[in-house]
Every structure is written in structure tokens, then in C-alpha cells.
Amino acid sequence: MATCPNKNTAEYVALQEVYKTELKTNNIIFAWQKAKNTDVFPSVEQANTFLKNNKTAYALKQRSFGVSVIQNLRKQGLIHSYKGYYLINNSYDNSMVYDESALKYHYDRVIQYLDINNIPLESMDIERTSRSYKISTKDNVFTPKDIMPSSRAWDKPRSRNVVMHLQRMFPQVDIKMLSV
């Protein structure tokens with residue numbers, strides 16, 4: 001596939017008339033060529049359809065990611081479903097007896113889960129109720145970086161936090177951290 005499109009072709013000129021800048025035009029051409037595994041330039045109609053389908057696919061990925069976050073919190077035993085809403089658990093071990101300390105514990109674990117997985121707190125809607133917190137995701141807030149699994153990987157600061165936690169748990173162990 002071509003990495004430098006010929007800007008003098010009629011197809012390129014037609015695309016640039018629609019998308020105005022060289023950067024946008026090149027990005028559309030490269031993305032379309034990569035998706036179709038071809039060197040051919042898309043027509044204006046093909047480019048418009050491609051962009052529309054990409055926006056739809058991205059919206060679906062955002063929605064799917066939001067559902068995954070909620071389901072993971074549910075699997076962790078931190079939230080439950082009640083009358084169509086997801087609520088943070090307010091009791092220990094499904095005893096169904098309200099306990100403010102249990103609510104705080106589960107709330108803190110939800111926040112910790114989001115932090116550990118690099119999911120921005122702004123992407124969640126957490127609203128206090130009389131005996132719990134109602135939780136949902138704001139699907140349209142997730143950025144492509146949020147959705148990428150690599151963005152939720154453990155980076156150096158997270159690894160350092162884990163080592164520091166283990167050092168507090170086992171003070172008798174001597175730990176030296178070195179740079180790469």
C-alpha cells in the first residue's frame with residue numbers, strides 16, 4: 001500500500017474538496033486503504049460511508065465497554081441490579097442487612113477498581129441514594145484511549161504502588177527498586 005498518496009490525482013483532489021485539509025484527507029485515505037487492504041483511493045461516497053460506519057462502530061464499542069465495566073463490577077460482587085438500576089452493595093456477604101460501613105467499603109472498592117483499570121471516574125455516573133449509590137456508565141464519554149486494553153495495563157507507577165503496598169505488608173523484606 002502507498003504511504004504517500006499522489007496529491008495530483010482526481011480522486012485525491014475530490015476528497016480534499018470535501019474534507020478541506022490535507023491531514024484529514026490523508027487520514028481517510030490511509031484508514032480506508034488499510035481497512036480494504038488496497039492501494040486504490042476511495043471515492044467521496046465510499047469515504048463518507050466508511051466514516052459513518054466507523055462512527056457507528058465506535059459508538060457500539062463505547063456502549064459495549066460501558067456494559068463490560070458494569071458487568072466486571074458485578075462479578076467482583078461490588079454492585080447488584082435492582083429494579084433496572086445498578087446499586088453498590090450496602091451489606092456484607094449478601095446478608096441484606098444495611099450496613100453503612102459495608103456501603104463505604106464497596107464504594108471504595110468500586111473507586112479502586114476504576115483507578116486500577118485506568119477508567120476515568122468522569123465516565124461513571126455515581127449518585128447517592130438513601131441507602132446506597134446508583135451507578136451507571138456514561139457511554140459517550142469513553143475515549144478511544146479508554147477503550148484500548150493496553151491503556152488499562154499496569155504501568156510503572158502502578159507497579160511501584162504494588163511494591164510499596166507489599167513492603168508495608170511485609171516490612172521485614174528489604175526491597176530495592178531500580179530504574180530500567
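Numbers for residues simply follow the sequence, beginning at 1.
Between Lys134 and Tyr82, the closest side-chain pair of non-hydrogen atoms is not below 4.5 Å. Counting only heavy atoms from C-beta outward, the side chains of Val69 and Leu114 approach each other to under 4.5 Å. Two residues are said to be in side-chain contact when any heavy atoms from C-beta on lie closer than 4.5 Å; Tyr98 and Ser132 fail this criterion. Looking only at side-chain heavy atoms (C-beta outward), Ile126 and Tyr107 come within less than 4.5 Å of each other. Using a 4.5 Å heavy-atom threshold, the side chains of Leu87 and His80 count as touching. Between Asn72 and Asn117 there is no side-chain heavy-atom pair separated by less than 4.5 Å. Residues Val44 and Leu15 form a side-chain contact, since some pair of their non-hydrogen atoms from C-beta on lies under 4.5 Å apart. For the pair Ile175/Phe170, no side-chain contact is recorded, criterion being any heavy-atom separation below 4.5 Å from C-beta on.
Pairing each heavy atom of Ala47 with each of Pro42, the nearest pair is N-CB, 4.2 Å. Shown here for Ser136 and Ile70, the closest heavy-atom pair between the two residues is CA-CD1, 4.3 Å.
Phe50 pairs by the side-chain contact (heavy atoms from CB on, under 4.5 Å) definition with Ala31, Trp32, Ala35, Asn54, not counting sequence neighbours. For the salt bridge (Lys or Arg N to Asp or Glu O under 4.0 Å) test, residues two or more places apart in sequence or in another chain that qualify with Arg128 are Glu100.
When hydrophobic clusters are built by joining Ile, Leu, Val, Met, Phe, Trp and Tyr residues whose side-chain heavy atoms come closer than 4.5 Å, directly or via intermediates, Leu23 is not grouped with Ile28. Cluster membership for Tyr85 and Met124, using ILVMFWY side-chain heavy atoms within less than 4.5 angstrom, is not shared. Hydrophobic clustering, with ILVMFWY side chains joined whenever heavy atoms are under 4.5 angstrom apart, groups Leu78 together with Ile111.
With hydrogens and angles disregarded, no donor-acceptor distance shorter than 3.5 Å links the side chain of Ser91 to the backbone of Asp99. A donor-acceptor pair under 3.5 Å is formed between the side chain of Ser123 and the backbone N or O of Pro120.
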- May I have the step-by-step check of side chain to side chain contact (heavy atoms under 4.5 Å, CB included) for Phe65 and Ile119, ending in yes or no? CA-CA 10 Å; Phe65 184 74; Ile119 299 169; 4.2 Å; yes

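In this model, a donor atom of one side chain and an acceptor atom of the other lie less than 3.5 Å apart for Arg109 and Tyr105. For Asp125 and Tyr133, the side-chain atoms include no donor-acceptor pair closer than 3.5 Å.
Listed by first and then second residue, the side-chain hydrogen bond (donor to acceptor under 3.5 Å, both in side chains) pairs that reach into residues 6-18 are Lys7-Glu22, Tyr12-Asn26, sequence neighbours excluded.
Put simply, CZ on Arg168 and CE on Met164 are 7.0 Å apart, with the number rounded to the nearest 0.5 Å. To the nearest 0.5 angstrom, Lys61 atom NZ is 13.0 Å from Ser68 atom OG. From Gln46, atom CD reaches atom OG1 of Thr49 across 8.0 Å, with rounding to the nearest 0.5 Å. In this structure, NE2 in His106 is found 12.5 Å from CD1 in Ile135, a value given to the nearest 0.5 Å. Rounding to the nearest 0.5 angstrom, the gap separating the OG1 atom in Thr129 from the CG atom in Asn90 is 8.0 Å.
Within 6.0 Å of the NZ atom in Lys36, the count of heavy atoms belonging to other residues, nucleotides or ligands does not exceed 12.
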